[in-house]
Amino acid sequence: MKDAFGLPQSLLVLGGTSEIALATARRLIARRTRTVWLAGRPSHALESAAAELGALGADVRTVAFDALDPDSHEAVLGKVFAEGDIDVVLLAFGILGDQARDEREPSAAVRVAQTNYTGAVSAGLVSARALQAQGHGSLVVLSSVAGERARRSNFIYGSSKAGLDAFAQGLGDALHGTGVHVMVVRPGFVRTRMTAGLDEAPLATTPDAVAAAVELGLRRRSETVWVPGVLRVVMSALRHVPRGLFRRLPV
C-alpha cells in the first residue's frame, strides 16, 4: 500500500531498462519504495539495473517480459501480482524508430506501432485489471509531446504515441471511481540513449527531471503531467496553428 505521503511501497516497471523508469525507481526508493519488479527482455542490462537498484536498499526482482508478445502478458504479469499488491505500474517501454528508414520499410514502421501502441494496450489493460482487482494503485504511462500533433520529422513515432495517449486517457476515465489512478506523462525531448545523436529540441529535459515530475504527480494524483510544465502552453498553441503554416515550422 502507499504510505501516508502517497508514495508507493511497491513498483512494477514495464520496460525495465528505460532510463526514465530507472531514474524514477531510484527516486522512489530514496523515499519509501521497498519492492521493485523490473520487467523486460532478459539481458545483462536488465540484471545490471536490478543490481544497481538493489544496492540502494530495495528488494528488486526481474521478470521476462516482451511488449511484442501480447499473448504472454496476462500470464507474465499475473505472476507478478500473485506475489503481492503493486502500488504503481510504470509503463515505460517504447522505441523511437528511424523515420527515414521506417518510411522505406513499412515492416519497421509496424514494429514501432506494435511496440509503442499495441503492446502498451495489452500490458495496460492487463495491469489495470490487476490493479482494479486489488482495489488500489496507479498506472503511470509514459507518453510524449510527439503525440500531440504529428510532425513531418517523426510522424510514425508520434502517431504511435498519440494512440497510446488517447488509450491511456480513456482507460483513466473508465477506471475513475474504482480506486485505480491513471497518470499520463508527456515529456518533451529527453536526453537519453534513445535520443543520442539527434538534434536537441528546445526545452529538452533529463530522465531525473521526468522522475521528479512523476513523483510529484503521484503525490497529487495528477491525471496529466507535462515535462517541463511550460510544454502544456507551447503544445496548446501548436495544436491550433493552421496546417499549412505548421508544415513550414522547423519542428
I'd like to check [X] versus [Y] (side-chain heavy atoms, cut-off strictly below 4.5 Å). Are they in contact?
X: Leu22; Y: Leu53; result: yes
X: Met183; Y: Thr224; result: no
X: Leu11; Y: Asp87; result: no
X: Gln134; Y: Asp85; result: yes
X: Ser10; Y: Trp37; result: no
X: Arg149; Y: Val241; result: yes
X: Val210; Y: Thr24; result: no
X: Leu139; Y: Leu171; result: yes

> Would Asp102 and Arg111 count as a side chain to side chain contact (heavy atoms under 4.5 Å, CB included) if you check the C-alpha gap in whole Å, the side-chain angles of each, and the deciding distance to 0.1 Å?
Replying inline: CA-CA 9 Å; Asp102 296 347; Arg111 184 171 181 271; over 6 Å; no
[X] [atom1] to [Y] [atom2] distance, which is reported to the nearest 0.5 Å:
X: Leu216; Y: Ser222; atom1: CG; atom2: OG; value: 6.5 Å
X: Ile20; Y: Thr205; atom1: CD1; atom2: OG1; value: 8.5 Å
X: Leu7; Y: Arg27; atom1: CG; atom2: CZ; value: 10.0 Å
X: Ser143; Y: Phe167; atom1: OG; atom2: CZ; value: 12.0 Å
X: Glu74; Y: Leu125; atom1: CD; atom2: CG; value: 10.5 Å
X: Asn116; Y: Ser144; atom1: CG; atom2: OG; value: 9.5 Å

Does one hydrophobic cluster hold both [X] and [Y], with members joined at side-chain heavy-atom distances below 4.5 Å?
X: Val121; Y: Val182; value: yes
X: Val214; Y: Leu12; value: no
X: Val180; Y: Val140; value: no
X: Val63; Y: Val126; value: yes
X: Leu131; Y: Val76; value: yes

>> Applying ring-ring contact (aromatic ring centres under 6.0 Å, His included) as the test, list every pair that has at least one member in residues 74-117; sequence neighbours left out.
In response: Phe65-Phe93
Provide the closest heavy-atom pair for [X] versus [Y] in the form atom of the first, atom of the second, distance.
X: Leu218; Y: Pro8; answer: CD1-CD, 4.4 Å
X: Met235; Y: Val145; answer: CE-O, 3.8 Å
X: Phe246; Y: Ala150; answer: CE2-O, 3.3 Å
X: Ile156; Y: Ser159; answer: O-OG, 2.8 Å
X: Leu91; Y: Ala120; answer: CD1-O, 3.7 Å
X: Val227; Y: Leu231; answer: O-CD1, 3.3 Å

Treating [X] as the side-chain partner and [Y] as the backbone partner, does any N or O pair qualify as donor plus acceptor under 3.5 Å?
X: Ser127; Y: Gly124; result: no
X: Thr62; Y: Leu38; result: no
X: Asn154; Y: Tyr157; result: no
X: Thr115; Y: Val112; result: no

>> Under a 3.5 Å cutoff, is there a donor and acceptor pairing between the side chains of Asp165 and Gln169?
In response: yes
>> Could you check whether Arg61 pairs with Asp59 (Lys NZ or Arg NE/NH1/NH2 to Asp/Glu carboxylate O, under 4.0 Å)?
In response: yes
>> Whether Arg219 and Glu215 form a salt bridge (side-chain N of Lys/Arg under 4.0 Å from carboxylate O of Asp/Glu) is what I want to check.
In response: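 A salt bridge links Glu215 with Arg219.
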With sequence neighbours left out, write down each residue that passes side chain to side chain donor-acceptor pair (under 3.5 Å) with [X], or none if nothing qualifies.
X: Gln132; value: none
X: Thr206; value: none
X: Ser122; value: His73

>> Does anything in residues 230-249 form a side chain to side chain donor-acceptor pair (under 3.5 Å)? List the pairs, not counting sequence neighbours.
In response: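 Listed once each, the pairs are Glu148-Arg239.
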>> Go through it in stages, so that I can follow the logic: the residues are Leu68 and Arg41, the test is side chain to side chain contact (heavy atoms under 4.5 Å, CB included), and I'd like the CA-CA distance, side-chain angles, deciding distance and then a yes or no.
In response: CA-CA 10 Å; Leu68 292 175; Arg41 291 177 176 173; 3.5 Å; yes
>> Suppose we screen for salt bridge (charged side-chain N to carboxylate O under 4.0 Å, His left out). Which residues come up paired with Glu103, at least two apart in sequence or across chains?
In response: Arg152
>> Quick one, Val184 with Arg186, criterion side chain to side chain contact (heavy atoms under 4.5 Å, CB included). Give me CA distance, side-chain angles, the key distance, then yes/no.
In response: CA-CA 7 Å; Val184 179; Arg186 295 174 180 158; 4.1 Å; yes
> Are Leu90 and Leu14 close enough, and set up right, to give a side chain to side chain contact (heavy atoms under 4.5 Å, CB included), and what steps lead you there?
Replying inline: CA-CA 6 Å; Leu90 175 54; Leu14 304 180; over 6 Å; no
> If you draw a 6.0 Å radius around CD in Glu223, do more than 12 non-hydrogen atoms from other residues or ligands fall strictly inside?
Replying inline: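 Open.
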>> Can you confirm whether more than 12 heavy atoms, excluding those of Arg220, are under 6.0 Å from its CZ atom?
In response: no
